[in-house]
Chemist: 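Got a structure for you, written out below as structure tokens; questions coming shortly.
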Amino acid sequence: MRHVTIEQGRMEIILAPDAASACCEAAARIAAHVRATPEPVLGLATGRTMEAIYRALVGLHRDEGLSFARCRTFNLDEYHPIAPDDPRSYHAYMRAALFRHVDIAPERTRLPDGAAADPAGECRAYEEAIRAAGGIGLQLLGIGLTGHIGFNEPPSDFASRTRLVELDETTRRQNADLFDNRWQNVPRQALTMGVGTIMEARRLLLVATGAAKARIVRDALEGPVTPMVSASALRLHPACTVVLDPEAAELLDLA
Ligand code: F6R
């Protein structure tokens, strides 16, 4: 594991020897945060990169007694419109990947309601619920091919809050596998925490693996800090860790 810091020591980049170690490192950091915090508030993400991280966390729960009972969780995003019990929803993803395997009460887990009749009201209530929980202590993030974190497609204002957004065609294509491999079937919209919401988390943990992410990882970490690449905002955060495998890091100058 090689550790590099950039941007006057603000951002820590961990170059893992392979994707499996990158995901184990991320899980270990989440576990350490949960163990060290009396009332952990976790920000969670979905997607393919996260699957191995959740498998590792379930393993730590099963084999090492890691308890999630004191945690509250807030996910980054959910498609719109989609019902929470739809198997293609992020609600269903989270139940299958993590929640039903660990000791967390369902009422302590929250995702934006993709079936809300009043999406703007749901987004305001989501922000309020995060505030009422004391803010997010550790936010887990992936990165999309458009540079999105959450579903903050370009351009996304760095001050943006939880809101209804239009998904890029690139993102709908990236996520077509659950929708019969037809990108046109992927919902056009989503509810997502804003870049501003994400930036208020006290610690951020971004994980990217695989060659497909190399170009956007370089743009986010070494290109201009710009609303055209939402993930570039992370370089302005005081406590952001990025965990990469060699393929995702291969275009970085520092790698
Ligand atoms: C999902 C999310 C997205 C994904 C990103 C990467 O909740 O917020 O930003 O993290 O699209 O997805 P994968 O890991 O499938 O490449």
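Residues: numbered from 1 along the sequence shown. Just so it is clear, the values below take in all heavy atoms, side chains as well, and ignore hydrogens, waters and symmetry mates.
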Chemist: To the nearest 0.5 angstrom, please state how far the CG atom of Asp245 sits from the CG atom of Leu15.
Modeler: 10.0 Å
Chemist: Who passes side chain to side chain contact (heavy atoms under 4.5 Å, CB included) against Ala211, sequence neighbours left out?
Modeler: Glu247, Glu250
Chemist: Is it true that Leu221 and Leu205 fall in one hydrophobic cluster, defined by side-chain heavy atoms closer than 4.5 Å?
Modeler: no
Chemist: About how many Å separate CG of Leu98 and CD of Glu51, when rounded to the nearest 0.5 Å?
Modeler: 12.5 Å
Chemist: Work out which heavy atom in Tyr54 is nearest to a heavy atom in Ala97; give both atom names and the distance.
Modeler: CB-O, 3.7 Å
Chemist: Can you see which heavy atom on Ala83 is nearest to which on Ala115, and at what distance?
Modeler: CA-CB, 4.1 Å
Chemist: Going by heavy atoms in the side chains, are Tyr90 and Leu191 under 4.5 Å from each other?
Modeler: no
Chemist: Check each of Leu138, Ile136, Thr73, Ile130 against Val41 using the side chain to side chain contact (heavy atoms under 4.5 Å, CB included) test, and report the only one that passes.
Modeler: Ile136
Chemist: Measure the spacing between CG of Asp113 and OH of Tyr126 and express it to the nearest 0.5 Å.
Modeler: 10.5 Å
Chemist: Got a salt bridge between Glu107 and Arg72, using NZ or NE/NH1/NH2 to carboxylate O under 4.0 Å?
Modeler: no
Chemist: May I ask whether Ile149 and Leu252 are part of the same hydrophobic cluster, defined by side-chain heavy atoms of I, L, V, M, F, W, Y residues being less than 4.5 angstrom apart, directly or through others?
Modeler: yes
Chemist: Using modelled atom types only, decide if a donor and an acceptor are shared between the side chain of Arg35 and the backbone of Ser67 within a distance under 3.5 Å.
Modeler: no
Chemist: Give the intermediate values and the outcome of side-chain contact (heavy atoms from CB on, under 4.5 Å) for residues Leu178 and Tyr93.
Modeler: CA-CA 10 Å; Leu178 282 181; Tyr93 172 110; 5.6 Å; no
Chemist: Would you check, one step at a time, whether the test side-chain contact (heavy atoms from CB on, under 4.5 Å) holds for Met11 with Val242?
Modeler: CA-CA 8 Å; Met11 180 180 264; Val242 177; 3.9 Å; yes
Chemist: Give, for atom CG of Leu204 and atom CD of Gln139, the distance between the pair rounded to the nearest 0.5 Å.
Modeler: 7.0 Å
Chemist: Got a donor-acceptor contact below 3.5 angstrom from the His148 side chain to the Pro154 backbone?
Modeler: no
Chemist: Is the closest side-chain heavy-atom distance between Phe99 and Phe68 below 4.5 Å?
Modeler: no
Chemist: Under 4.0 Å between a Lys/Arg side-chain N and an Asp/Glu carboxylate O for Glu128 and Arg124?
Modeler: no
Chemist: Do Arg110 and Met94 touch side chain to side chain, with heavy atoms closer than 4.5 Å?
Modeler: no
Chemist: Hey, quick one: are Leu145 and Leu234 part of the same hydrophobic cluster, counting side-chain heavy atoms closer than 4.5 Å, chains of contacts allowed?
Modeler: no
Chemist: Looking only at non-hydrogen atoms, find the nearest pair between Ala31 and Leu57 and report the distance.
Modeler: N-CD2, 4.4 Å
Chemist: How about Val243 and Leu206: do any of their side-chain heavy atoms sit closer than 4.5 Å?
Modeler: no
Chemist: Looking at Arg161 and Glu127, does any basic side-chain N land under 4.0 Å from a carboxylate oxygen?
Modeler: yes
Chemist: Check this for me, if you would: do Glu12 and Arg29 make a salt bridge, where the nitrogen-to-carboxylate-oxygen distance has to be below 4.0 angstrom?
Modeler: yes
Chemist: Verify, without hydrogens or angle tests, whether Ser89 (side chain) and Pro84 (backbone) share a donor-acceptor contact under 3.5 angstrom.
Modeler: yes
Chemist: Decide side-chain contact (heavy atoms from CB on, under 4.5 Å) for Leu141 and Val207; before the verdict, give the C-alpha distance in whole Å, the side-chain angles of both, and the deciding distance to 0.1 Å.
Modeler: CA-CA 6 Å; Leu141 298 165; Val207 185; over 6 Å; no
Chemist: Are Leu111 and Leu42 grouped together when hydrophobic residues (ILVMFWY) are joined by side-chain heavy atoms under 4.5 angstrom apart?
Modeler: yes
Chemist: Can you see which heavy atom on Ala92 is nearest to which on Pro87, and at what distance?
Modeler: CB-O, 3.6 Å
Chemist: Quick check against the 3.5 Å criterion: does Ser160 have a side-chain atom that pairs as donor or acceptor with the backbone of Gly194?
Modeler: no
Chemist: Check this for me, if you would: do Asp168 and Arg172 make a salt bridge, where the nitrogen-to-carboxylate-oxygen distance has to be below 4.0 angstrom?
Modeler: no
Chemist: Would you check if His80 and Pro119 make a side-chain contact, meaning some heavy-atom pair closer than 4.5 Å?
Modeler: yes
Chemist: For the side chain of Lys213 and the backbone of Gly144, is there at least one donor-acceptor N/O pair under 3.5 Å apart?
Modeler: no
Chemist: Step by step, would you call Arg10 with Arg235 a side-chain contact (heavy atoms from CB on, under 4.5 Å)?
Modeler: CA-CA 7 Å; Arg10 273 169 181 266; Arg235 281 152 55 196; over 6 Å; no
Chemist: Verify, without hydrogens or angle tests, whether Glu78 (side chain) and His91 (backbone) share a donor-acceptor contact under 3.5 angstrom.
Modeler: yes
Chemist: Please tell me if the side chains of Met193 and Phe74 come closer than 4.5 Å, counting only heavy atoms from C-beta onward.
Modeler: yes
Chemist: When you measure from the side chain of Thr37 to the backbone N and O of His33, does any donor-acceptor pair fall under 3.5 Å?
Modeler: yes
Chemist: For Arg48 and Asn175, work out which heavy atoms get closest and say how close.
Modeler: NH2-OD1, 4.2 Å
Chemist: To the nearest 0.5 Å, what is the distance between CZ on Arg108 and CG on Asp103?
Modeler: 10.5 Å
Chemist: Could you grab the distance from atom CG of Leu254 to atom CG of Leu244, nearest 0.5 Å is fine?
Modeler: 8.5 Å
Chemist: Do Glu153 and Leu167 make a side-chain contact, defined as non-hydrogen atoms from C-beta onward lying under 4.5 Å apart?
Modeler: yes
Chemist: With the side chain counted from C-beta on, respond yes when Ser156 and Ser230 share a heavy-atom pair under 4.5 Å apart, and no when they do not.
Modeler: yes
Chemist: Taking NZ, NE, NH1 and NH2 as the nitrogens, is one of them in Asp86 or Arg88 under 4.0 Å from a carboxylate oxygen of the other?
Modeler: yes
Chemist: Looking just at side-chain N and O atoms, do Arg163 and Thr197 make a donor-acceptor pair shorter than 3.5 Å?
Modeler: no
Chemist: Please answer whether the main-chain N or O of Gly137 pairs with a side-chain N or O of Arg203 as donor and acceptor at a distance below 3.5 Å.
Modeler: no
Chemist: Measure across Leu251 and Glu222 and return the closest heavy-atom pair with its distance rounded to 0.1 Å.
Modeler: O-OE1, 4.2 Å
Chemist: Are Val195 and Phe151 connected, step by step, through hydrophobic side chains (Ile, Leu, Val, Met, Phe, Trp, Tyr) whose heavy atoms are closer than 4.5 Å?
Modeler: no
